[in-house]
Number of protein chains: 2
Amino acid sequence: MKHIDTVYPKKPSPCNCLNVRRASRAVTDFYDTVLKPSGLTVAQLSLLLNLKAAEPATIGGLAAVTRIDRTTMNRNLKPLADAGLLTVSPGGDSRTRQVALTDAGREAAAKGKVLWREAQAALKEYLGEEDLARLTALLAKLEALAP
Amino acid sequence: MKHIDTVYPKKPSPCNCLNVRRASRAVTDFYDTVLKPSGLTVAQLSLLLNLKAAEPATIGGLAAVTRIDRTTMNRNLKPLADAGLLTVSPGGDSRTRQVALTDAGREAAAKGKVLWREAQAALKEYLGEEDLARLTALLAKLEALAP
DNA sequence: GCGATTAACGTGTATATGCACATTATCTGC
DNA sequence: GCAGATAATGTGCATATACACGTTAATCGC
C-alpha cells in the first residue's frame, strides 16, 4: 500500500474553525520544537514570562493576563511547581494564593526566551513582515469573538 | 476590589504563537456555542462529517484526512462510539479497524451541519469576505509549518 | 517462503482546556 | 455586626492533544 499521504492528499477544510485549530497546532508544534532544548513548552514559557512581569501574582490574575481559563491556569501551574520553577503559597488575602518565580524559574525563562526569539524571527521570515502584521490583526479580531 | 478585567486590561501578546492559540480557543468556543443544541463539539462534528465523506474509513485514514494525530483520533472516537454515533469494528486487513457511522450518527451530523452553517455565516459576516479569504490563506501557510 | 521491514493500531504518560459545582473568605448594606 | 452578595480558589468530569513504546500483521527482497 502506498504511503497514506498519497491516498489522502491534503485539501483545504471548508470549516474556518478547523483551519484555525490546525494552524494553532502547527504553530504550537513549531514553537515547541524550537523551545525543546529549554525543556519548556510555549505555553509554559508564556506562563513564566507573564509571571515574571506580573510577579507576585494571584492565580486569577495570571489567568487574566494570559487570558486562560482560571481553572486551566490552576492546573497548568502544577508541572512548573513540581519542576521547581515557581511556588504557589498562601496570599495575604486568605482566599488568594501567591505565585512567584524561583531562581530556577527565572533562569529557565531567560533561556527559553532566547529560543523563543529565534522562533519569532523564523516565523517573521517565513510569513514576511506584512503578512505577519495582517495575521496578527485578524487573530486579534477573532479573539474578540469570545466573551 | 475592582473587577479583575479593569486591573488586568487586555493587551496584545508579542508572541505570535500565543495569538494563534488564543484565537483558536475563541473561535472554537464560538462554534461550540452555536453547535451546543446538537450536543456535538466542532471537533466531533468535523469527525462525523469527514467520516461520512470517507466512509468506511480506517482510524489512520480518518486521522490523515482530518490532519489529527493518529493516537488522538483513536481516543476521539471513543466518546462518539459511546454515544452510539459511530462504530469501530475489525477491518478486512487484520491490522486495521473499520469506522462507520450509525444512523444516529448520520442524523446528528446532519443536524449539526445546519448549525455549523450558521456559525460559518456569522463568522463571514463578522470578518467580511475579503478578510476571511486572507485569513484562510494565512492559516493554510501556517499549517504548512508542521512537517 | 523466510527474515527484515513497514504498516496499523493500542496504551501509558503528560499536558492543555474549560464547565459545573463546592468551599472558604472578604466585603457591603443596612 | 450580621446576612447576603461577591471574590478567589479547588475539584470532578470530560474532551483534546501528542510523544514514546509496544504489539500484531501484512509486505517485500531475495
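In what follows, chains carry the letters A, B, and so on, assigned in the order in which the sequence lines appear, proteins first and then strands, with residues in each chain numbered from 1.
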S.K.: Starting from P on D/dG10, measure out to CG on A/L62 and report it in whole angstrom.
M.R.: 12 Å
S.K.: Assuming nearest nucleotide by heavy-atom distance, tell me which of A/Q44 and A/D93 is located more 5' along DNA chain C.
M.R.: A/Q44
S.K.: What string of B, S and - do you get for nucleotides 18-23 of chain C, 5' to 3', when a contact is any protein heavy atom under 4.0 Å?
M.R.: BBB---
S.K.: Nearest 0.5 Å, what's the OH-CG distance between A/Y126 and A/L132?
M.R.: 12.5 Å
S.K.: Could you tell me how far apart B/L48 (CG) and D/dT15 (P) are, to the nearest whole angstrom?
M.R.: 13 Å
S.K.: Would you give me the side-chain donor-acceptor pairs under 3.5 Å for residues 103-122 of chain B, sequence neighbours excluded?
M.R.:
from   : atom 1 : to     : atom 2 : distance (Å)
B/R106 : NH1    : B/E55  : OE1    : 3.1
B/R106 : NH2    : B/L101 : O      : 3.2
B/Q120 : OE1    : A/N16  : N      : 3.0
B/Q120 : OE1    : A/N16  : ND2    : 3.2
B/Q120 : OE1    : B/Y31  : OH     : 2.5
B/Q120 : NE2    : A/P14  : O      : 2.9

S.K.: Please check: side-chain N/O of A/S24 versus main-chain N/O of A/V20, any donor-acceptor pairing under 3.5 Å?
M.R.: no
S.K.: If you assign each of A/V88 and A/A26 to its closest nucleotide in DNA chain D, which residue comes earlier from the 5' end?
M.R.: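 Between the two, 5'-proximity favours A/V88.
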S.K.: Heavy atoms under 4.0 Å, any strand shown: does B/T28 hit a base, just sugar-phosphate, or nothing?
M.R.: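 Counting heavy atoms under 4.0 Å across all strands, no contact is made by B/T28.
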S.K.: How many whole angstroms separate atom CG of A/L35 from atom P of C/dT15?
M.R.: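 My rounded result for the distance is 16 Å.
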S.K.: With respect to the side chain of A/I59, which nucleotide from D/dG10, D/dA8, C/dG10 is positioned closest?
M.R.: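 Minimum distance to the A/I59 side chain belongs to D/dG10.
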S.K.: Ignoring hydrogens and geometry, is there a side-chain-to-backbone donor-acceptor pair from B/D32 to B/V42 under 3.5 Å?
M.R.: yes
S.K.: Kindly compute the distance separating CG (B/L145) from OG1 (A/T28), expressed to the nearest 0.5 Å.
M.R.: 10.5 Å
S.K.: Specify the separation, in whole Å, of atom CG of B/L18 and atom P of C/dA16.
M.R.: 12 Å
S.K.: Determine: side-chain N/O of A/N76 to OP1/OP2 of C/dT17, distance under 4.0 Å, yes or no.
M.R.: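 For C/dT17, OP1 or OP2 has a side-chain N or O of A/N76 closer than 4.0 Å.
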S.K.: OP1, OP2 of D/dA26 versus side-chain N and O of B/S94: anything below 4.0 Å?
M.R.: yes
S.K.: Take atom CG of A/L80 and atom C1' of C/dA16, then tell me their distance rounded to the nearest Å.
M.R.: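 About 12 Å, once rounded to whole Å.
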S.K.: Once you round to the nearest 0.5 Å, how far does CZ of A/R67 lie from CG of A/N50?
M.R.: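 One finds 9.0 Å between CZ of A/R67 and CG of A/N50.
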S.K.: What is the separation between atom CZ on A/R21 and atom C1' on D/dA18, rounded to the nearest whole Å?
M.R.: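 Going from A/R21 (CZ) to D/dA18 (C1'), I get 14 Å.
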S.K.: Rounded to the nearest angstrom, tell me the gap between atom CG in A/L77 and atom C1' in D/dT11.
M.R.: 15 Å
S.K.: First locate atom OG1 of A/T58, then atom CE of A/M73, and finally report the distance between them rounded to the nearest 0.5 Å.
M.R.: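 Atom-to-atom, A/T58:OG1 and A/M73:CE are 10.0 Å apart.
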S.K.: What residues from residues 95-103 of chain B pass a heavy-atom cutoff of under 4.0 Å to DNA chain C?
M.R.: B/R95, B/T96, B/R97
S.K.: Hey, what do you get for CD1 (B/I59) to CD (B/Q98), rounding to the nearest 0.5 Å?
M.R.: 11.0 Å
S.K.: Measure CE/A/M73 against C1'/D/dA8 and give the value in whole Å, please.
M.R.: 14 Å
S.K.: Would you sort out whether A/N76 and A/T66 count as a side chain to side chain contact (heavy atoms under 4.5 Å, CB included), showing the intermediate values?
M.R.: CA-CA 12 Å; A/N76 286 358; A/T66 55; over 6 Å; no
S.K.: Do the side-chain N or O atoms of A/N74 get closer than 4.0 angstrom to the phosphate oxygens (OP1, OP2) of D/dT9?
M.R.: no
S.K.: Can you tell me which residue among A/R25, A/R22, A/R21 is in a salt bridge (charged side-chain N to carboxylate O under 4.0 Å, His left out) with B/E143?
M.R.: A/R22
